[in-house]
Amino acid sequence: QVASFQGIAVRSLCTSSPHDHPEHGRLVYKGNLAKAVLGVKFFSYSTSVFNLFMMPYIMLKTGIGFDSLLIEAAFYGVIGFFTFVTPVTLHVLTKGYVVRLYYKDDMDTYTAITYNVILAEKATVFHQKDVKIPDITKMFTTFYAKTKSMLVNPSLFPNPQDYNHLMGYDKSLYFNLEEEKEAGERK
C-alpha cells in the first residue's frame with residue numbers, strides 16, 4: 001500500500017485486510033442504509049429538542065389561549081406526539097438494523113454493530129449457535145442473536161457463504177430413516 005504525504009511516498013506494510021477489525025474480526029457485512037438511519041434519527045432528535053425549547057417561547061409570544069380545556073389538551077397532545085413518540089418509534093424500528101457485521105473464524109463469533117438510543121455505535125457479540133430464525137417472517141427482523149432482533153439484507157453480503165454460515169444454512173441435516181419409519185409406524 002503506497003500513499004503520498006507532502007510529495008514523499010510512504011509505504012505501509014500491513015498484514016491484515018482493510019476490512020478487518022482487530023478487536024471484532026473480519027468484516028462480512030456492511031449495511032447500505034447506515035447513514036440514512038443515522039441521519040433520520042439525528043433529524044428527528046434535533047427537531048424534537050428544537051420543539052421542546054421553542055414551544056414555550058412561541059406560546060408566550062403569540063399568546064395562544066384556549067377557551068376549552070379539551071381543545072388545549074388536544075393541542076398539547078399533538079405537539080407531544082410529534083415531540084416524543086416519533087423519535088421513540090424511529091428508535092424501536094431501527095435499533096436492530098445492523099450497520100456492520102464482523103466474524104471471528106477462530107472463535108466462530110459475530111460482532112454486530114448497531115446504533116443505540118444516543119446514536120452511538122453498540123457492539124453485540126454472539127456465537128453462531130445463538131442465532132435463531134423467526135418462525136414467522138417479521139418486518140424488521142432477519143434473525144435473533146440471543147434475544148435481540150437483528151435486521152440484515154442478505155444480498156449485501158459480499159460472500160454468500162458468510163450469510164449461509166450466519167443463518168446456519170451450511171449445517172448438514174442428518175436424517176435417520178429408521179427413526180422416521182418408527183415414528184410413522186406409531187401413528
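Counting begins at 1 with the first residue of the sequence.
Side-chain N or O atoms of Thr141 include none that pairs as donor or acceptor with a backbone N or O of Ser149 at under 3.5 Å. Side chain of Thr83 to main chain of Ile79: a donor-acceptor pair is present (N/O by atom type, distance under 3.5 Å, no hydrogens or angles). A donor-acceptor contact shorter than 3.5 Å is absent between the side chain of Asp108 and the backbone of Asp105. Judged by distance alone, the side chain of Tyr163 and the main-chain N or O of Tyr29 form no donor-acceptor pair under 3.5 Å. In this structure a side-chain-to-backbone donor-acceptor pair under 3.5 Å is present from Gln128 to His165.
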Side chain to side chain contact (heavy atoms under 4.5 Å, CB included) evaluation trace for Thr124 with Lys146: CA-CA 10 Å; Thr124 304; Lys146 298 180 181 174; over 6 Å; no
Criterion side chain to side chain contact (heavy atoms under 4.5 Å, CB included) on Tyr110 and Leu166, from CA distance to verdict: CA-CA 8 Å; Tyr110 289 91; Leu166 169 70; 3.7 Å; yes
Step-by-step side chain to side chain contact (heavy atoms under 4.5 Å, CB included) determination, Tyr45 to Leu119: CA-CA 10 Å; Tyr45 289 172; Leu119 304 179; 3.8 Å; yes
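Within 6.0 Å of CG on Asp135 lie no more than 12 heavy atoms contributed by other residues, nucleotides or ligands. Heavy-atom neighbours of Met55 CE from other residues, nucleotides or ligands within 6.0 Å: above the threshold of 12. Applying the 6.0 Å contact sphere to NZ of Lys30 captures no more than 12 heavy atoms from other residues, nucleotides or ligands.
Rounded to the nearest 0.5 angstrom, Asn51 CG and Ser46 OG are separated by 11.0 Å. For the atom pair CG of Leu70 and CZ of Phe75, the computed distance is 14.0 Å after rounding to the nearest 0.5 Å. Atoms CG and CG, from Leu33 and Leu151 in turn, are 8.5 Å apart once rounded to the nearest 0.5 Å. In this structure, the separation between CD on Glu121 and CG on Leu38 is 8.5 Å, given to the nearest 0.5 Å. If you take NZ on Lys41 and NZ on Lys95, they are separated by 9.5 Å, rounding to the nearest 0.5 Å. To the nearest 0.5 Å, the span separating CG on Asn153 from OH on Tyr97 amounts to 7.5 Å.
Counting heavy atoms from C-beta outward, Thr142 and Met150 have side chains that stay 4.5 Å or more apart. Looking at Leu27 and Arg100, their side chains come closer than 4.5 Å, going by heavy atoms from C-beta outward. Between Ile113 and Val98, the closest side-chain pair of non-hydrogen atoms is not below 4.5 Å.
Under the 4.5 Å side-chain heavy-atom criterion for ILVMFWY residues, no single connected hydrophobic cluster contains both Val49 and Val40. Under the 4.5 Å side-chain heavy-atom criterion for Ile, Leu, Val, Met, Phe, Trp and Tyr, Met139 and Tyr144 are members of distinct hydrophobic clusters. Hydrophobic clustering, with ILVMFWY side chains joined whenever heavy atoms are under 4.5 angstrom apart, groups Phe140 together with Leu101. One hydrophobic cluster, built from ILVMFWY side chains closer than 4.5 Å, holds both Val99 and Leu93. Hydrophobic clustering keeps Leu90 apart from Phe50 (ILVMFWY residues linked when any side-chain heavy atoms are closer than 4.5 Å, directly or through intermediates).
Closest approach of Pro87 to Ser48, counting heavy atoms only: CG-OG, 3.2 Å. Across all their heavy atoms, Lys104 and Gly25 have their closest contact at CG-CA, 3.8 Å. Between Val152 and Phe143, the closest heavy-atom pair is CG2-CE2, 4.0 Å.
In this structure, Tyr115 has its ring center at least 6.0 angstrom away from the ring center of His91.
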